Structures are given as structure tokens and as C-alpha cells.
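Working notes for the structure below.
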Amino acid sequence: MKITPLVEIHQQLGAKMVPFAGFLMPVEYSGIQDEHITVRTKLGVFDVSHMGEIWIRGPKALDFLQWVTSNDVSALYDGKVQYSCFPNGQGGIVDDLLVYRFAEDEYLLVVNASNIGKDYNWLVERGNEMGLTAGKEIENVSDEMAQLAIQGPLALKAMQKLTKEPVTDMKYYTFKKTEFAGIPGAIFSTTGYTGAGGCEVYVPADKAVRLWEAVMDAGKEYGIKPVGLGARDTLRLEMGFCLYGNDITDKTSPIEAGLGWITKFVDGKNFIDRDLLWKQKQEGVERRLKGFVLIDRGIPRQHYPVYNEAHEQIGEVTSGTMSPMLKQGIGMGYLQKGYWKEGTPVWIGIRNKFLQARVVKPPFYKPED
Amino acid sequence: MNIPDNLKYTKDHEWVRVEDDVAWVGITDYAQGELGDIVFVEIETVGDSLNKGETFGTVEAVKTVSDVFLPVSGEILESNPVLSDTPEVVNEDPYGEGWMIKVKMSNPAELDDLMDVEAYQKMINA
């Protein structure tokens, strides 16, 4: 079992610790709902040091990333972040990721903890075909980097105290390399997995404790709390963000998953599965990832069946929870063609009952409401 | 950890409080702590006569679904009406406001098979 540099801090804070993606991680501290509401209304800090980081460098970096990722990397500029995925050559997804452009020939990929080994091997294999070398142009630095996510409407305001660089006006999905909390060369990015605003900060692993303490201290007057993986999941699900392994896998295509917006068929960008995905986009697909809210009282969970009015199965739940903000069951799942329109009634099979739900377009919760 | 000494306990972390031939049933402080925030309690067995060990309801926390089992055989007389709108009372007051059902016992001798506070304490510490 791997640990993050902050494991002792989590244990001292009384976190419930669970194995996740090979790491011993905090699932909750004060309670999932309390942590969730804290992030929606104030700010919370997550240890996400388990996430993977892989550098892609050199004169072929851009061409390589255009080939292995679905989004248009040429649209990036220095300091810009992009959400993307790696198509797997068979119509599925190797992983979803963030691409950070540091320079035209230098990019940082941030990938899911559960897929670090798979992604790195995939990139090295594809890279070798294009003349990129493992350990040189493709470098896995996951073990050397720690990451905290500070999320919530007060996050940027609180974090401004820790850097001279102006951060409160930073655009969504941009980043700066700067001194932060006295740590030189920190990466400060206005990204996150909660829809609540805020930032993610990357530092060398041996600076993680210092960063955590500075963040907690700076956030204290705003009511900061530590937040675990439990609320990370409910927060992302309220926004309809996909979770790899649940909502997207090596068997689901980006088009089916509603990730057409990160699948760019622009001129000059050839990429793995381009033809196959273009065909799906033109001709349509048989199933699509859709959101739904429960009208009846109940909580959808992964693998629960989804039915039509005749009680024929038309899909399966990939993620579900009780929304802490809506106090209502919400979920996502792949539904057959014909049941995609907003408002379509569907039924979730929960313990031998058919509970009525309605198809909606995420986000389930809109912070400005 | 709150484990009242006037209750009986099961290995599945239910508690029983006896008033005449009626048993009040809920889940223990330990159980609610392990489950985390309870967001849904479903009890659809009121009026049913069930045997000891049968499922009388379902407790859903944010991340998990757990069945709850009848500690003693009998007829389910009533479920706690506040749980449908405020399931969190099970977290806040598991032995009081967070009770789940009342059972008219058909075989009160089964109470002898349940654990007392010391045995339960020993089990959760093990």
C-alpha cells in the first residue's frame, strides 16, 4: 500500500482511511455531508497527492500529444490547462487527464492514480513509435510530486495570502508557476473536480506537509476544513463530472460518454481512433451517458439497472449518490437510444423495486442557484 | 463510544431495548460511526411477522447500503416516523430519537441469545 506524504496528518485529524487506487487515503474527516457543504459554501482542502504526473518534453511533444489525446493541444498556450482523454485504439478510453502547457515543447499530464502505470506504459509504447524515449521525453514524476486541491467559493481569496502572484482573477483552467507558501516553483492552477471554484497546487513531495499547514492556516479565518475522497465523489457527481472506472472505461467511447467537446476533429490533428470516433459522431451511437434525478425516494448506485416504463432494461447506473445539496438521489448511466431527451421518465431498479427518475442534463446542482 | 448497559446487542450491531413484550430496535453508536452520514432509512416491513435474523430494513449511508436484521422474532408494530425525513437522527442519537422499529416479540426467550454490554464491547474491540 502506497501512502502520500500527508498520511500522518490525516491520521492525527481522525480521518477514516481506506485503500484507494493502491494508496491509503482519507475518505472522510468530519463527515461526507459536512465536508461537501463546506466546499460548496466556504472552502475545503483535499490531499490528492495520489494523482499521477507525467512530463512530455522535446521538439516532438506537441505532435505526440496531438496523436495520443483527443483534445486539440495546439489550442493551448503557455499557462493554459486542458481536459482531455487518451483514446485506446479500440474505441475506448485509457484514461482522462489534464494537459498543462509550460512551453511549446514542455507539457505536464495529470492522470488518475489508478491508471498511472497503465498510462505511462501506454505513452512509452506510443512514444517509442514516434521516437520519444522513456525517462527522457516521457518522464513519470508521480512519486516526486504532491498535490492539494483547495476548493470552494472562498478558496482563491484565502490562497492569495500565500503568494505575491495575483491569483484571485485567474481564469478557469489556467496556471502559474510561482513561489507559494514559501515553496519555490509551485504550480498553482485554477482547476478542480468539484465545480465549486478554487485551485490545485503541486509541490515537491517533501514540501507537502509545509504546504498543507500553510493552506490550513491561511484558510482558518474562512472556515477551511479537510475533505476526503467521499465528498470528492459526491461533489464531482453533483456536477456530472466523469469518474474513470465508473462512467468512462476502456470499453466506453468519448462520444458515448458525452465527451465530444474534448474530441476535436480539427484539420491537421490526427489522433488515435479519430476515424472510428468521427464515424460515431456522424452516424450516432447506440448508448450515451446521461444524468438522471430520482423522483421517488431512493439512492441509485453503480450497476443498478435502468428500465423504461415497460420495465425493460435500457441501461445501467455507472455512478450514483444522494446529492447533499439537493437531498435527492442523482446518478449517471449509459442509456439506450430513445431515452436521452431531458425529462424522459426512466426507472431505477433498487432492491426489487422500480423507482421513478427523470433524465436531466448535468450539472445536477448549479452553484449560482 | 457510547454503549448503554441496559440494552442487548447483536453481532450485526443492532441494539434491543425491552419494554414488557415489546422490543425497541435500532443500530449502535459504533455502527452509525462506521457507516458515516446516514441519508436514507427504508423500512417496509411494518405489519409483517419475521423471524430473528431476517432483514427488516435498509440503511443507506452516502457510500454504502446495509441491511438491518431483526434481533428477535415477532411482528413489526411500528417504524420510527421521523426517519423518512430526518435519517440523520440515527447518527445523532442512535439509542434514542434514532430508534428504528418496535417489535411484538413472539419468543422472548431469544433475548438470552443476544449480547450484553460487555460481550458487545469485547466484540467491537476485537
Side-chain angles (χ1 to χ4, degrees), chain A residues 14-20 25-40 225 227-238 243 246 294 296-304 317 319-331 348-355, chain B residues 1-2 12-14 27-48 50 53-70 76 79-94 97-98 100-101 124-126:
Chain A
K16 200 177 280 182
M17 305 293 289
V18 296
F20 176 82
M25 296 296 291
V27 65
E28 60 174 280
Y29 305 80
S30 57
I32 292 174
Q33 300 204 95
D34 180 59
E35 293 164 31
H36 182 114
I37 289 160
T38 301
V39 171
R40 285 271 178 256
K225 286 185 184 176
V227 185
L229 293 180
R232 185 169 162 83
D233 190 52
T234 53
L235 286 157
R236 71 95 192 165
L237 190 44
E238 269 185 350
L243 173 63
N246 283 40
L294 271 278
D296 291 329
R297 282 180 58 83
I299 306 169
R301 308 271 184 185
Q302 191 180 17
H303 304 310
Y304 285 4
V317 178
S319 286
T321 194
M322 175 73 93
S323 159
M325 301 307 286
L326 305 174
K327 306 282 179 203
Q328 201 172 13
I330 59 171
I348 313 299
I350 303 182
R351 295 187 288 279
N352 305 321
K353 282 191 299 191
F354 298 94
L355 298 187
Chain B
M1 183 72 55
N2 179 12
D12 299 309
H13 310 287
E14 290 93 12
I27 65 168
T28 65
D29 190 30
Y30 175 82
Q32 70 78 19
E34 288 296 301
L35 289 169
D37 291 338
I38 291 166
V39 290
F40 191 52
V41 177
E42 185 177 74
I43 298 168
E44 298 188 324
T45 49
V46 174
D48 295 356
L50 299 177
E54 288 193 274
T55 301
F56 70 81
T58 309
V59 177
E60 297 206 38
V62 178
K63 300 294 284 180
T64 55
V65 185
S66 309
D67 286 338
V68 274
F69 304 101
L70 199 61
I76 318 286
S79 65
N80 185 348
V82 308
L83 297 186
S84 61
D85 286 333
T86 52
E88 62 273 15
V89 298
V90 178
N91 292 116
E92 292 156 6
D93 188 9
E97 294 295 313
M100 290 185 175
I101 53 166
I124 58 177
N125 288 343

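Numbers restart at 1 for each chain; the letters A, B, ... are given by sequence-line order, proteins then strands. On a predicted model such as this, the values are computed, not experimentally measured, just so you know.
- A 4.5 Å side-chain heavy-atom check between A:Glu28 and B:Lys63 finds every atom pair outside the cut-off.
- One finds no salt bridge joining B:Glu34 and A:Lys16 here, because no Lys/Arg side-chain nitrogen approaches an Asp/Glu carboxylate oxygen to under 4.0 Å.
- Interface summary for chain B: among A:Gly230, A:Pro324, A:Gly298, the most heavy-atom pairs under 4.5 angstrom belong to A:Gly298.
- Taking 4.0 Å as the cut-off between side-chain N and carboxylate O, B:Glu60 and A:Arg351 count as a salt-bridged pair.
- For B:Thr64, the part sitting under 4.5 Å from any heavy atom of chain A is the backbone (N, CA, C, O) and nothing else.
- A pairwise comparison of heavy atoms in B:Asp37 and A:Ile32 identifies OD2-N, 3.2 Å as the closest pair.
- Salt bridge present: A:Lys353 and B:Glu42 bring a charged side-chain N and a carboxylate O closer than 4.0 Å.
- The closest side-chain heavy-atom distance from B:Val39 to A:Gln33 is below 4.5 Å.
- Side chains of B:Val62 and A:Met322 form no contact here, defined as non-hydrogen atoms less than 4.5 Å apart.
- With a 6.0 Å radius and a threshold of 12 heavy atoms from other residues, nucleotides or ligands, B:Glu54 has its CD atom above the threshold.
- Within the model, atoms CZ of B:Phe40 and CG of A:Leu294 stand 9.0 Å from one another, a figure rounded to the nearest 0.5 Å.
- Using a 4.5 Å cut-off between heavy atoms, A:Asp34 contacts chain B through its backbone alone, with no side-chain atom that close.
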